[in-house]
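What follows is a set of notes on a single structure, which appears directly below.
Proteins come first, then strands; the chains are lettered A, B, ... in the order of their sequence lines, and each starts at number 1. Values below: every heavy atom of this structure, side chains too, minus hydrogens, waters and symmetry copies.
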2 protein chains.
Amino acid sequence: MNGSQSAFLRQESEFRSADTDKDAAIVSFVGRIGQFGQIADAAVLHPAVDRIGVMQRDQPIWAEQNHADRIFVVDTGFAFAFSLYPDGRRHIGDIFAAGAICNWSSVWGGMLIENVTFKARSRLVVFRRDRLLEIVAEQPELHGAIERHENARCHRRQQRCRGLIALPAMDRLALTLLDIQDELRAAGGDDEWMSLPLTLRELGDLTGLTDVHISRTLRKLQDSGFIEKRGKRFRLHADPGIKAALDYQHFFAG
Amino acid sequence: MNGSQSAFLRQESEFRSADTDKDAAIVSFVGRIGQFGQIADAAVLHPAVDRIGVMQRDQPIWAEQNHADRIFVVDTGFAFAFSLYPDGRRHIGDIFAAGAICNWSSVWGGMLIENVTFKARSRLVVFRRDRLLEIVAEQPELHGAIERHENARCHRRQQRCRGLIALPAMDRLALTLLDIQDELRAAGGDDEWMSLPLTLRELGDLTGLTDVHISRTLRKLQDSGFIEKRGKRFRLHADPGIKAALDYQHFFAG
DNA sequence: CGACGACTTGACATCGATCAAGCGAGGTGG
DNA sequence: CCACCTCGCTTGATCGATGTCAAGTCGTCG
């Protein structure tokens with residue numbers, strides 16, 4: 001766990017700090033947040049950008065080392081928040097597609113700290129927390145948009161947690177897949193066919209099941225017609241009946 | 001489900017609206033919130049009090065009928081928030097002891113609406129939402145204290161949800177009992193021996209288990225020494241090792 | 001007294017975890 | 001190019017954990 005931060009630092013491309021690079025890197029962020037409010041000029045965010053990096057492999061970023069003064073935003077790819085129990089069990093608390101803020105804290109009080117893992121080939125933008133908060137404080141529109149966006153995330157997470165406590169495995173997985181789809185669409189992936197951004201092991205840690213059982217349950221969902229698969233991509237057939245049974249609401253993409 | 005609101009109204013004691021009654025009814029609220037900030041004068045809250053009522057039996061208050069313009073505070077007794085799945089499954093999302101606000105919304109965006117059930121013999125204070133928010137807006141200290149209190153609740157809930165997804169039954173129940181103890185102590189119950197404010201069925205809906213399994217798991221926890229029982233009251237022996245295994249933190253009472 | 005709800009207990013069924021083996025894609029080094 | 005490895009995934013066999021159903025006790029309330 002200890003060498004992680006330096007490994008993380010080593011993988012960054014320090015030279016990518018020109019304004020054009022910053023523009024390219026925060027376009028997904030601005031595009032996503034912009035759905036929740038008007039953003040006058042994305043360039044105001046430039047001074048808060050600390051670094052831009054690409055993950056060569058799945059890379060955990062440990063909360064106690066990095067979260068206090070940095071804010072991480074997914075530019076491309078996928079990330080998830082997790083915490084570990086002493087017995088080695090891993091719990092994945094939330095998922096992040098392009099444009100998502102991985103450790104914005106104001107909604108839930110910033111008290112429950114989770115680590116974040118970026119999946120391989122993901123590009124992330126690192127903001128200085130203090131500077132970003134300063135800039136946001138001067139831009140009420142931007143601030144409101146971010147808060148609304150994070151509120152939606154918080155709500156979706158609570159909806160998922162509720163189902164993961166109360167429902168059987170097939171419903172848990174269906175609910176989680178709907179959430180993943182919602183997150184991918186919020187990130188701008190308007191393609192109806194999507195590929196799974198997580199391994200079965202990670203899906204297991206997200207749903208509280210084992211990877212083996214996820215594999216079997218996926219097949220059942222496929223047999224039931226909820227999942228349609230085409231090669232490595234899949235599509236969900238979530239008719240209103242299923243959504244009602246899961247008490248599911250969309251919070252990002254309609 | 002439809003006659004519920006009128007049943008709820010019928011049970012109230014309309015005559016209890018003198019200032020002395022209001023004082024008596026919000027003392028638990030003020031005492032609890034006061035742990036999170038200075039409250040100059042509790043009497044400023046009087047104009048926001050709509051009614052004071054005592055529940056003769058377990059009484060659900062349905063969100064879609066009552067939550068929009070009312071805020072419910074437990075004065076004495078116990079309450080819990082719940083939602084229902086179409087198949088009849090009930091999920092209990094949070095628990096409230098004396099002094100707790102049952103439907104304060106600003107922390108998590110007020111989007112995930114849950115119903116609230118007050119247990120028999122509980123006394124509740126009903127505030128007019130708009131007036132309470134006006135008063136609070138003019139009292140930054142009070143507002144901050146409430147927000148901090150609700151942040152702590154939100155955090156504790158997230159901690160519990162995480163464990164309820166990832167952990168086996170014994171750990172789930174132990175975690176939940178610790179939370180109940182935390183809530184009771186935050187309400188001022190400094191007695192080390194406490195009695196269970198929920199039925200086994202409700203504990204099941206809170207943990208995602210069945211009442212039968214709760215019964216057996218309680219016995220196991222008793223055999224393991226975590227629970228010490230004396231008549232109907234019990235005490236928890238949560239040594240640091242257990243708390244570490246559950247990754248448990250206190251958020252209200254130390 | 002009877003009715004009812006909370007709880008317990010036992011027998012059994014089902015769900016999901018665990019362990020082990022094998023397959024295939026992708027990466028690495030010779 | 002091949003040999004070899006690792007990782008993600010699948011499948012089967014088996015075990016343990018949890019749910020379901022049913023019966024019975026106890027206390028409370030009318």
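Per the geometry, CZ belonging to A/R57 stands 10 Å off P belonging to D/dC7, to the nearest Å. Protein atom CG of B/L203 is 15 Å distant from nucleotide atom C1' of C/dT8, rounded to whole Å. Between the P atom of D/dA17 and the NZ atom of B/K220 lies a distance of 6 Å, rounded to the nearest Å. A/D211 has its CG atom 12 Å from the P atom of C/dC19, to the nearest Å. B/H213 places its NE2 atom 9 Å from the P atom of D/dA17, with the value rounded to the nearest Å. Rounded to whole angstrom, the span from the CZ atom of A/R201 across to the P atom of D/dC7 amounts to 12 Å.
In terms of modelled atom types and a separation under 3.5 Å, the side chain of B/R233 and the main chain of B/W193 share a donor-acceptor contact.
Residue B/G208 is in sugar-phosphate contact alone, with no base atom involved, counting any heavy-atom pair closer than 4.0 Å across all strands shown.
For A/R216 and D/dG12, a side-chain-to-base donor-acceptor distance below 3.5 Å is present, hydrogens and geometry of angles not being considered.
Remark: of the listed residues B/R121, B/R123, B/R32, B/R51, B/R123 is the sole one forming a salt bridge (charged side-chain N to carboxylate O under 4.0 Å, His left out) with B/D75. No option in A/R157, A/R185, A/R160 other than A/R160 meets the salt bridge (charged side-chain N to carboxylate O under 4.0 Å, His left out) test with A/D179.
Taking CD from B/E114 and CZ from B/F82, the interatomic distance works out to 9.5 Å, rounded to the nearest 0.5 Å.
Comparing A/I214 and A/K232 by the nucleotide of DNA chain C whose heavy atom lies nearest to each, the residue mapping closer to the 5' end is A/I214.
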